[in-house]
Amino acid sequence: VTNLNIETEYSDGEAQEAWGETTVCTIAFLPSESTLVKDVIDKVPPNSLMKRGISPDSDLKTKVKELNGYLAHKGWVLILVDGATQPLSPEEIFMPKLSPARLFHSTVRKAMFLDENFSHTPFPEDAQFLASETSRGKLKKRTAMGPDAKGRKTKYKLPEEPQRRAVLLVSPMRRIPDVDGDKMPLDEITLRLMKDVGLDPEEDGEPKEIRIQREYYERARSLINSMDVRSPNSISRHKIEIKDFIRSKWIIHHLKLEEGHQFRCEWYREHVGWGTHLDQLSFAYVMAKRDLARKMNTQQQLPSETTEELTILDKIIKIKSDANEWHPIFSAEGTALPIHHSEISPEAIPINLQDLPDNEVSEVNPDAAFSDVGSTFYVRIMSDERMLESRRQWMKARDARRKYMASMQKREEKEE
């Protein structure tokens, strides 16, 4: 390692703590034997070394040991890892990305992984915003405007939705083929995922280990889905749908939820066994298995043939709710069951009743109060469009809160 490809704004949490906000620390893991670490240490002034009790004449090994966690470069606090210049196993490579909890102190609640080849400059406020999107308060019943089957505007009643908590937050893969999940072209998607991680399938072809992983998923899907013609039990005839493909250049993990621990371990174990770089493919398979188990455990009825009415109601949910971004995670026995977006049923209001006061279109925001009691747990795959809108609202609320706090502080100073 000779350079850090991405730069950030240094943060040790003090700036956010002053505003009473979620604190952020920016850290990077680097091989202690790397050229970059040597260059950074060589630039430390002698008086700074002496403040740490280190003689400027000390050897590099001593300086690495004493300065570990105290060096900063391009906005990152450097955590120096011995032996990391040697080839690492998949278990070691993917631990910071897929299962990072043991790398941090028990007081750390959330961790944001950032790929070294991420194309944008990240800032602490980006981590603050994304961390805030891992929970959402309860949504009350509301009335919304949307199209009917003929494209005419009509009103719909949307039911109450429970508060939600995400154990994991990611963004979706762009341009996913518009086909049913059980028919998703895994060969085409795999080639695109290879390009995303810097491989060149056109020149180098599909590596053997990736081909084996993809073919296994294709055969597993074919075998499971062929059972629908053999089982007399309709609940057992659900199909496995490998469809939740993501971009994993950044990931938000919630480290303090047992549901998150279980999901991270399952994704980690599934992925490292293949020895590939396509953790997005492993993620989609884990999500598919979990969704199939959810359908069978909740005894979800097989979908009937798609009708125009159902298609319209699905569109209303997608337009007026973020429910389709929250993918249920089953919790311990006795806790509230998460709600799948297919269980939310908008109700069209008859034309002759749409002008009644009770049916006025209402903008309802999630409850600001969020309780640990009654939470339902999910993996959230947040769309780019909703992320942009939510970021705008978050910035507006944050700036207003800071302005209020600053004005109150000035008032207190005058009174003194």
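When reading the values below, keep in mind they use all heavy atoms of this one structure, side chains included, and skip hydrogens, waters and symmetry mates.
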**Message:** Main chain of Leu80, side chain of Asn68: is a donor-acceptor contact present, judged purely on distance under 3.5 Å?
**Reply:** yes

**Prompt:** In terms of side-chain geometry, is the basic nitrogen of Arg402 or Glu21 positioned less than 4.0 Å from the acidic oxygen of its partner?
**Reply:** yes

**Asked** Near His277 NE2, under 6.0 Å, is it more than 12 heavy atoms from other residues, nucleotides or ligands?
**Response** no

**Message:** Could you walk me through whether Arg165 and Glu259 satisfy the salt bridge (Lys or Arg N to Asp or Glu O under 4.0 Å) test, starting with their C-alpha distance in whole Å, then the side-chain angles of each, then the deciding distance to 0.1 Å, before giving a yes or no?
**Reply:** CA-CA 10 Å; Arg165 177 163 282 172; Glu259 291 79 7; over 6 Å; no

**Message:** Side chains of Glu270 and Ser282 only: does a donor on one sit below 3.5 Å from an acceptor on the other?
**Reply:** no

**Any donor-acceptor N/O pair, Asp126 side chain to Phe123 backbone, under 3.5 Å** = yes

**Message:** Under a 3.5 Å threshold, yes or no: a donor from one side chain and an acceptor from the other, between Glu266 and Gln262?
**Reply:** no

**Side-chain ion pair, Asp42 and Lys38, N-O less than 4.0 Å** = yes

**Asked** After noting the C-alpha distance and the side-chain angles of Ser248 and Lys97, does the key distance pass the side chain to side chain donor-acceptor pair (under 3.5 Å) rule?
**Response** CA-CA 9 Å; Ser248 63; Lys97 182 175 186 177; 3.0 Å; yes

**Request:** Please report the C-alpha distance between Thr143 and Lys157 in whole Å, then the side-chain angles of each, then the deciding distance to 0.1 Å, and finally whether the side chain to side chain donor-acceptor pair (under 3.5 Å) criterion is met.
**Result:** CA-CA 5 Å; Thr143 302; Lys157 284 285 188 184; 3.2 Å; yes

**Request:** Using only heavy-atom distances, determine whether the side chains of Gln128 and Gln16 contain a donor-acceptor pair under 3.5 Å.
**Result:** no

**Request:** Mark yes or no: Arg164 above the aromatic ring of Tyr378, with NZ or CZ under 6.0 Å from the six-membered ring centre and no more than 45 degrees from the axis.
**Result:** yes

**Message:** When you measure from the side chain of Glu188 to the backbone of Pro185, do you find a donor-acceptor pair of N or O atoms at a distance under 3.5 Å?
**Reply:** no

**Asked** Looking only at atom types and distance, does a side-chain atom of Arg247 sit under 3.5 Å from a main-chain N or O of Pro172, one as donor and one as acceptor?
**Response** yes

**Prompt:** Between Glu133 and Arg391, is there a salt bridge with N-O shorter than 4.0 Å?
**Reply:** no

**Request:** Would you verify whether the NZ or CZ of Arg52 falls within 45 degrees of the ring axis of Tyr70 while also being under 6.0 Å from that six-membered ring's centre?
**Result:** yes

**Message:** I'd like to know if the side chain of Tyr268 and the backbone of Glu91 have a donor-acceptor N/O pair within less than 3.5 Å.
**Reply:** yes

**Request:** Indicate whether any N or O donor in one side chain lies under 3.5 Å from an N or O acceptor in the other, for Thr190 and Asp187.
**Result:** no

**Prompt:** Does the pair Gln213 and Thr276 meet the rule for a side chain to side chain donor-acceptor pair (under 3.5 Å), with working shown?
**Reply:** CA-CA 8 Å; Gln213 182 183 13; Thr276 75; 3.1 Å; yes

**Request:** Could you go through the salt bridge (Lys or Arg N to Asp or Glu O under 4.0 Å) check for Arg211 and Glu218 one step at a time?
**Result:** CA-CA 10 Å; Arg211 176 180 57 79; Glu218 289 174 332; over 6 Å; no

**Item:** Exercise: do Ser321 and Glu161 side chains pair donor with acceptor under 3.5 Å
**Value:** yes

**Check: Pro56 main-chain N/O paired with Lys63 side-chain donor or acceptor under 3.5 Å** = yes

**Request:** Could you tell me whether a side-chain N or O of Asp180 sits under 3.5 Å from a main-chain N or O of Lys183, the two making a donor and an acceptor?
**Result:** no

**Asked** Are the charged groups of Arg136 and Asp322 less than 4.0 angstrom apart, N to O?
**Response** yes

**Request:** Spell out, as yes or no, whether a donor-acceptor pair under 3.5 Å connects the side chain of Trp274 to the backbone of Asp279.
**Result:** no

**Request:** Starting from the C-alpha separation in whole Å, work towards a yes-or-no answer on salt bridge (Lys or Arg N to Asp or Glu O under 4.0 Å) for Glu202 and Lys195.
**Result:** CA-CA 9 Å; Glu202 295 177 358; Lys195 293 178 181 179; 3.5 Å; yes

**Request:** Could you tell me whether the side chains of Ser390 and Gln393 share a donor-acceptor contact shorter than 3.5 Å?
**Result:** no

**Request:** Tell me, yes or no, whether the heavy-atom count around Met50 atom CE, taken from other residues, nucleotides or ligands under 6.0 Å, exceeds 12.
**Result:** no

**Prompt:** Counting only heavy atoms not in Tyr216, do more than 12 fall under 6.0 Å of its OH?
**Reply:** no

**Item:** Whether His238 side chain and Asp291 backbone form a donor-acceptor pair below 3.5 Å
**Value:** no

**Prompt:** Any sub-3.5 Å donor-acceptor pair from His253's side-chain atoms to Leu255's backbone N or O?
**Reply:** no

**Asked** Side chains of Ser383 and Glu325: donor-acceptor distance under 3.5 Å anywhere?
**Response** yes

**Request:** Please work out whether the ring planes of Phe283 and Phe263 are parallel, tilted or perpendicular, with thresholds of 30° and 60°.
**Result:** perpendicular

**Message:** Closer than 4.0 angstrom, basic N to acidic O: yes or no for Lys410 and Glu413?
**Reply:** no

**Asked** Under 3.5 Å, is there a donor-acceptor pair linking the side chains of Thr134 and Lys110?
**Response** yes

**Item:** Side-chain heavy atoms of Met184 within contact of Ile176, under 4.5 Å
**Value:** yes

**Asked** Is the distance between the ring centroids of Phe118 and His120 less than 6.0 Å?
**Response** yes

